[in-house]
Amino acid sequence: MKNLKTLLSALLALILCLTMVPAGFAADDMSQEANLVFYVMGDAPKDEQVVEDAINAILKEKFNATIDFQFSTWTDFSLKYNTQLTSGGADLIYIANWLNYGLLARAGAFLELDGLLDAYAPELRALAGEDMLNMCRVEGELYAVPALWPEYVPLGIKYREDLRAKYDLPYPNSLENMEAYFSGVKANEPDQAILRCTTSESASSLSVAFDAANVLNIKYAWTNANGFPYGLTSNYDTPDQVYDYWFSDDFVEDMKLLKKWADLGFWSKSALSDTNDSEAYNNGLCIAEVAGMNPNKQISSATTFAKEHPDWESAYITYGEVTGVLFPGHATQNGTAIVRGTKYPERCAMVLNFLMTDEEMNDLVQYGIKGVHYDVVDGVYQNLNEDFKYENFNTWNLRVNDYKLPQESDVALQAMFDYYNEIAQQTKFPNVNIYGGFTEDYTDYEFERTAVSNVMRQYLAPIQAGLVEDVEAAVAEFRQKVTDAGLQACRDGFTEQWLAYCEEYGYQ
């Protein structure tokens with residue numbers, strides 16, 4: 001969020017002037033029709049109105065209410081999302097940790113839900129359970145109801161298993177084996193590109209500056225997939241013990257390894273200026289991807305290979321299955337909030353309760369009209385109409401485990417999830433994503449944070465891309481530059497907030 005202070009000020013000003021929310025949530029006047037706007041992400045399906053009409057026929061009869069799903073599109077969605085909150089255009093809204101849920105909740109963008117759930121959505125409260133709801137609390141207050149389908153999205157390495165088997169190479173389940181696998185393919189197929197890496201989008205979140213550095217997640221039992229920002233990190237079993245990575249000997253040795261890989265030709269010498277090609281792996285332009293990968297993307301590639309390259313095989317290794325640190329997506333990965341400016345808080349709670357606890361309504365929202373848009377064959381979803389496809393309203397926040405219809409690809413995905421669940425149950429915090437609920441407020445050191453990000457792009461990216469002659473000298477220069485940029489202010493602010501979060505949730 002580029003101008004955090006401006007956004008927070010606007011939201012706080014909005015909250016002060018909004019007086020239409022009844023204190024104590026007095027009994028709703030059901031005789032007044034409530035036309036609710038439900039704001040979700042992405043693009044609208046062609047048959048949006050057809051499905052909405054079917055939904056609203058039921059909601060009108062039960063609650064004297066209708067829903068208008070409005071979509072952000074994927075262009076400038078962050079700005080559009082914030083506009084919905086400051087303009088009062090939405091009643092119900094999709095929330096996610098990647099949409100700054102915690103910061104927006106603190107700013108007062110959403111209504112407190114405990115009283116509303118008790119009075120108007122007790123079935124939903126029982127279905128969610130207090131453990132899931134508690135993960136959506138911000139400073140003790142509940143502002144969102146999470147999706148109720150546990151989803152594992154652990155990062156890892158997606159690679160060409162057919163090439164590994166063809167040349168009898170090791171599985172890339174360690175840094176040493178990864179190097180042997182990449183080198184073996186290159187020796188046998190010199191013209192085959194190995195990795196397509198670019199300057200990392202994670203530079204904006206202050207974790208890594210070049211995609212290839214993500215492979216280091218297979219070496220460390222870090223709290224979250226990319227390590228903490230600002231060169232700090234902590235281990236999953238001891239989250240409140242924060243330590244320095246950028247100024248450690250391990251960091252220097254790791255950067256030397258990345259230079260070795262660059263010198264071996266595992267990625268292009270022009271990688272820092274390359275653009276990201278999301279289809280490079282599927283088109284054979286590289287044999288592995290090590291950043292931004294997850295089980296869903298693996299299933300997508302496996303499906304593409306089966307259709308377009310039946311002699312290719314894609315496989316996937318999560319970093320967590322090697323380190324023993326695996327957990328599902330956080331409860332705030334997908335959720336629903338009631339916007340503070342709504343005229344109908346009670347009706348919003350009633351409707352949300354119905355959308356998530358009535359199986360037929362949940363199916364209608366997620367899949368469209370049965371017999372028109374989809375059918376179920378042997379318990380598996382089958383699309384009948386391209387005008388409304390699987391979860392085409394993008395209401396991932398309304399997923400319910402007991403109702404969710406599997407697609408054909410979900411059979412393989414569920415097998416992966418079952419495996420990850422076994423590992424996640426053995427951790428110190430079984431099946432808990434301890435990092436996902438944390439939201440950093442960098443308002444007080446936004447200037448220093450921007451400066452640190454710029455230094456990462458200019459000095460850290462070429463180090464992690466292995467494009468420096470003398471690693472130790474380059475690291476020394478980076479350390480000095482990032483210190484001069486105000487690194488310590490960022491570290492102090494982040495650490496104070498992180499330790500308070502760990503204490504609040506008992507992550508110690």
Side-chain angles (χ1 to χ4, degrees), residues 34 36-45 47-48 50-59 62-63 65-72 81 84 90-99 101 110-111 113 116-117 120-129 132-133 135-136 142-151 153 296 328-339 342 344 347-370 373-374 376 381 388-407 410:
L36 307 177
V37 171
F38 199 148
Y39 194 72
V40 292
M41 305 307 294
D43 300 304
D47 265 4
E48 173 191 358
V50 173
V51 179
E52 278 186 8
D53 288 347
I55 293 170
N56 288 332
I58 299 170
L59 295 182
K62 283 186 170 291
F63 306 107
T66 62
I67 281 186
D68 175 15
F69 286 98
Q70 293 188 8
F71 298 79
S72 68
Y81 186 87
Q84 287 293 320
D91 299 282
L92 292 153
I93 194 165
Y94 172 89
I95 65 93
N97 44 21
W98 55 274
L99 283 169
Y101 164 70
F110 312 125
L111 280 178
L113 294 184
L116 284 169
L117 293 183
Y120 302 103
E123 298 89 355
L124 179 54
R125 175 161 220 144
L127 184 63
M132 287 291 288
L133 293 176
M135 281 193 278
C136 296
L142 179 65
Y143 294 102
V145 175
L148 301 178
W149 180 64
E151 182 178 11
V153 287
N296 287 288
H330 193 266
T332 59
Q333 180 171 297
N334 296 297
T336 308
I338 299 176
V339 179
T342 181
Y344 307 104
R347 212 83 61 93
C348 286
M350 294 178 194
V351 169
L352 181 59
N353 181 75
F354 187 62
L355 294 178
M356 295 189 72
T357 61
D358 185 272
E359 185 172 2
E360 290 185 8
M361 174 55 74
N362 194 262
D363 286 349
L364 177 58
V365 173
Q366 301 291 46
Y367 317 119
I369 301 170
K370 189 173 183 181
H373 298 115
Y374 79 101
V376 181
Y381 165 91
F388 197 95
K389 295 182 283 189
Y390 193 85
E391 295 183 341
N392 223 176
F393 274 152
N394 299 334
T395 43
W396 316 300
N397 49 321
L398 300 181
R399 289 168 169 167
V400 178
N401 193 53
D402 291 343
Y403 310 150
K404 192 174 187 296
L405 290 174
Q407 303 179 86
D410 286 338

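Since we're looking at a predicted model, the values are computed, not measured. Values below: every heavy atom of this structure, side chains too, minus hydrogens, waters and symmetry copies.
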**OP:** Please determine if Glu360 and Lys370 form a salt bridge, counting it only when a charged side-chain N lies under 4.0 Å from a carboxylate O.
**Re:**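 Result for this pair is no, no salt bridge flagged.
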With a 4.5 Å cut-off on side-chain heavy atoms, are [Y] and [X] touching?
X	Y	value
Ser72	Tyr81	no
Leu59	Thr66	no
Tyr101	Leu99	no
Ile93	Phe110	yes
Ile67	Phe393	no
Leu355	Phe38	yes
Pro45	Phe71	yes
Tyr120	Asn353	no

Any side-chain to backbone donor/acceptor pair from [X] onto [Y]? Under 3.5 Å, distance only.
X	Y	result
Gln366	Thr395	yes
Asn362	Leu398	yes
Arg347	Phe63	yes
Asp47	Phe388	no

Original post:
Can you list the residues that meet the salt bridge (charged side-chain N to carboxylate O under 4.0 Å, His left out) rule with Glu48, with sequence neighbours excluded?
Top reply: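 If we apply the salt bridge (charged side-chain N to carboxylate O under 4.0 Å, His left out) test to Glu48, skipping adjacent residues, there are no hits.
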Nearest-0.5 Å distance that lies between atom [atom1] in [X] and atom [atom2] in [Y]:
X	Y	atom1	atom2	result
His330	Met132	NE2	CE	8.5 Å
Gln333	Trp149	CD	CH2	9.5 Å
Lys389	Gln407	NZ	CD	10.5 Å
Asp363	Tyr381	CG	OH	11.0 Å
Leu92	Thr342	CG	OG1	7.0 Å
Leu111	Leu142	CG	CG	11.0 Å

Closest non-hydrogen atom pair, [X] against [Y]:
X	Y	answer
Gly368	Val51	CA-CG2, 4.1 Å
Phe69	Glu52	N-OE2, 2.9 Å
Ala121	Ala349	CB-O, 3.8 Å
Gly335	Asn397	O-CB, 3.2 Å
Ala65	Val351	CB-CG2, 4.2 Å
Thr336	Leu113	O-CD1, 4.5 Å

**OP:** Apply side chain to side chain contact (heavy atoms under 4.5 Å, CB included) to the pair Trp396 and Glu391, showing each step before the final yes or no.
**Re:** CA-CA 7 Å; Trp396 316 300; Glu391 295 183 341; 3.6 Å; yes
Original post:
Picking from Val145, Asp91, Leu116, Leu36, what satisfies side-chain contact (heavy atoms from CB on, under 4.5 Å) with Ile338?
Top reply: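 That would be Leu116; it is the only one of Val145, Asp91, Leu116, Leu36 passing the side-chain contact (heavy atoms from CB on, under 4.5 Å) with Ile338.
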**OP:** Decide side chain to side chain contact (heavy atoms under 4.5 Å, CB included) for Phe354 and Ile58; before the verdict, give the C-alpha distance in whole Å, the side-chain angles of both, and the deciding distance to 0.1 Å.
**Re:** CA-CA 10 Å; Phe354 187 62; Ile58 299 170; 3.8 Å; yes
Subject >> side chain to side chain donor-acceptor pair (under 3.5 Å) partners of Asp68, counting only residues at least two apart >> reply: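 Side chain to side chain donor-acceptor pair (under 3.5 Å) list for Asp68, sorted by chain: Gln70.
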**OP:** Show your reasoning for whether side chain to side chain contact (heavy atoms under 4.5 Å, CB included) applies to Lys404 and Asp410.
**Re:** CA-CA 11 Å; Lys404 192 174 187 296; Asp410 286 338; 4.0 Å; yes
